[in-house]
Participant: 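Quick one: the structure is below, questions incoming.
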Amino acid sequence: MKVDIKELETADYDILENVKVAFYRLWKLKMIVVMCTLIGFCASLIFVGIVGVKTNYRSNATIYSVVYGSYTESNAGVTVMNTYSGLIGTSRVCERAAEKLVGTNITGEYLRAMVNSGRIYLSGANRDSKKYGYSLTLVSTLPTPENAVDITNAMANAFADEINSMLGTSSVQVMDIAQGYYAVNSLNVKLVMLLFTAAGMMLSAGFIFVKEFFSVKVYSVAQCEQNKDMILGLIPYKSK
């Protein structure tokens, strides 16, 4: 198949001219983009108002497998600790933790529900035997600050006790107990406002650009010359 270089150059020129005209039209219709941007900003405020911003309280505890007796026992602790990290949500672990929370109304079922909802989880687990992590972080995110630290430490200790019970050793221990908590918001208001506003601007600008790029209307002399056989005449235009 023979390729005509001149035809390719002409096609490229036509595309560049359409792109230039599309940007020109986008600038002319900039007020529509501004309005859509403002609509996106207002939509973000409505979304934040409907969903609401809730403050949660988070605390952490770190679990290690230490060299406690022999390297073999420690290595076995690392393997089991990572492989069976999913035990954090079992009845045995949650009941162990509930027993440690003396003087509270917290039950094992409540703790299981917290794990299932993702409010209590183990971070850093790796089931790949070549990339085992030697420490896990137990993270608790609670709706109230009451008992936040106690729940975190109870769950961490209960998990370590359950793993040691399986191993018959005491190599898995809670090394860094939770000593406090910090507040986290359930919704990043600034990020939501930024995303909604940017979406309003980008979608409106993109729609106008694509529409004008493929438009059959002409806005420049060069566009009129793209298909000379179809041109019967030109009507001069004068803006008011």
Participant: I'd like to know if V172 and L122 are part of one continuous hydrophobic network [Ile/Leu/Val/Met/Phe/Trp/Tyr, side-chain heavy atoms within less than 4.5 Å].
Facilitator: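 Yes.
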Participant: Are V184 and V53 co-members of a hydrophobic cluster defined by side-chain heavy atoms under 4.5 Å apart?
Facilitator: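 In one cluster: no.
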Participant: L101 and N147: side-chain contact (heavy atoms from CB on, under 4.5 Å), yes or no, with the steps?
Facilitator: CA-CA 9 Å; L101 296 169; N147 300 316; 5.8 Å; no
Participant: Going by the salt bridge (Lys or Arg N to Asp or Glu O under 4.0 Å) test, which pairs reach into residues 93-106, not counting sequence neighbours?
Facilitator: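 Only R96-E162, K100-D161 qualify under salt bridge (Lys or Arg N to Asp or Glu O under 4.0 Å).
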Participant: Counting only heavy atoms not in M202, do more than 12 fall under 6.0 Å of its CE?
Facilitator: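 Result for CE/M202: open.
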Participant: Using a cut-off of 6.0 Å, state whether more than 12 heavy atoms not belonging to K30 lie near its atom NZ.
Facilitator: yes
Participant: Report yes if the side chains of M193 and F41 come closer than 4.5 Å at any heavy-atom pair, otherwise no.
Facilitator: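 The answer is yes; the side chains approach within 4.5 Å.
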Participant: Aromatic ring centroids of F196 and F47 under 6.0 Å?
Facilitator: yes
Participant: Look up atom OG in S44 and atom CD1 in I39, then write down how far apart they are to the nearest 0.5 Å.
Facilitator: 12.5 Å
Participant: Take T141 and R119 through the test side-chain hydrogen bond (donor to acceptor under 3.5 Å, both in side chains) and record every step on the way to the result.
Facilitator: CA-CA 5 Å; T141 305; R119 289 181 172 273; over 6 Å; no
Participant: Is there a side-chain contact between F213 and V21 (heavy atoms, below 4.5 Å)?
Facilitator: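 No, every pair of side-chain atoms sits at 4.5 Å or beyond.
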Participant: Stepwise, does the side-chain hydrogen bond (donor to acceptor under 3.5 Å, both in side chains) test hold for T152 with S140?
Facilitator: CA-CA 6 Å; T152 301; S140 297; 3.1 Å; yes
Participant: M155 vs N153, test: side-chain contact (heavy atoms from CB on, under 4.5 Å). Steps then yes/no.
Facilitator: CA-CA 6 Å; M155 288 295 292; N153 290 330; over 6 Å; no
Participant: Could you go through the side-chain contact (heavy atoms from CB on, under 4.5 Å) check for I88 and Y121 one step at a time?
Facilitator: CA-CA 7 Å; I88 190 67; Y121 64 92; over 6 Å; no
Participant: Report yes if the side chains of V139 and T137 come closer than 4.5 Å at any heavy-atom pair, otherwise no.
Facilitator: yes
Participant: Is it the case that one hydrophobic cluster holds both L38 and M201, taking links as side-chain heavy atoms less than 4.5 Å apart, direct or via other members?
Facilitator: no
Participant: Any idea which heavy atoms bring A148 and S59 closest together, and the distance?
Facilitator: O-OG, 3.3 Å
Participant: With a 4.5 Å limit on heavy-atom distance, are the side chains of L111 and I151 in contact?
Facilitator: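 A side-chain contact under 4.5 Å exists here.
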Participant: Sort out for me which residue in K28, R25, K20 forms a salt bridge (charged side-chain N to carboxylate O under 4.0 Å, His left out) with E212.
Facilitator: R25
Participant: Step by step, would you call V33 with L26 a side-chain contact (heavy atoms from CB on, under 4.5 Å)?
Facilitator: CA-CA 8 Å; V33 178; L26 179 60; 4.0 Å; yes
Participant: Tell me whether N116 at atom CG has more than 12 heavy atoms from other residues, nucleotides or ligands lying less than 6.0 Å away.
Facilitator: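 Enclosed.
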Participant: So which heavy atom on V174 is nearest to which on A160, and how close?
Facilitator: CG2-CB, 4.3 Å
Participant: Can you check whether F159 reaches L136 side chain to side chain, under 4.5 Å on heavy atoms?
Facilitator: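 Yes, at least one pair of side-chain atoms sits under 4.5 Å.
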Participant: Under a 4.5 Å cut-off applied to non-hydrogen side-chain atoms, are I63 and M81 in contact?
Facilitator: yes
Participant: Counting the benzene-type ring for Trp, do Y57 and Y182 have ring centres under 6.0 Å apart?
Facilitator: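 Not close enough - the centres of the two rings lie 6.0 Å or further apart.
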Participant: Examine I177 and I106 and state if one hydrophobic cluster contains both, with Ile, Leu, Val, Met, Phe, Trp and Tyr joined whenever side-chain heavy atoms are less than 4.5 Å apart.
Facilitator: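 Yes; I106 is reachable from I177 via cluster members.
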Participant: What's the separation between atom CD in Q173 and atom CD1 in I163, rounded to the nearest 0.5 Å?
Facilitator: 13.5 Å
Participant: Taking atom OH of Y181 and atom CG of L142, what is their separation to the nearest 0.5 Å?
Facilitator: 11.0 Å
Participant: State, to 0.1 Å, how close A183 and T55 come at their nearest heavy-atom pair, and which atoms those are.
Facilitator: CB-CG2, 3.8 Å
Participant: Would you check if I32 and I208 make a side-chain contact, meaning some heavy-atom pair closer than 4.5 Å?
Facilitator: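 I32 reaches I208 side chain to side chain.
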Participant: Any chain of hydrophobic side-chain contacts (each under 4.5 Å) joining F209 to V34?
Facilitator: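 No; V34 is not reachable from F209 via cluster members.
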Participant: Between T197 and L194 (side chain of the first, backbone of the second, donor and acceptor by atom type, cut-off under 3.5 Å), is there such a pair?
Facilitator: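 No, the answer is negative, given that no donor and acceptor are paired below the 3.5 Å cut-off.
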Participant: Check A158 against A97 and note the closest heavy-atom contact, atom names and distance.
Facilitator: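 That would be CB-N, 3.6 Å.
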Participant: Are the side chains of S204 and F207 in touch, meaning some heavy atoms are under 4.5 Å apart?
Facilitator: no
Participant: Taking only residues two or more places apart in sequence or in another chain, which ones pass side-chain hydrogen bond (donor to acceptor under 3.5 Å, both in side chains) with S91?
Facilitator: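 Only R112 meet the side-chain hydrogen bond (donor to acceptor under 3.5 Å, both in side chains) criterion with S91.
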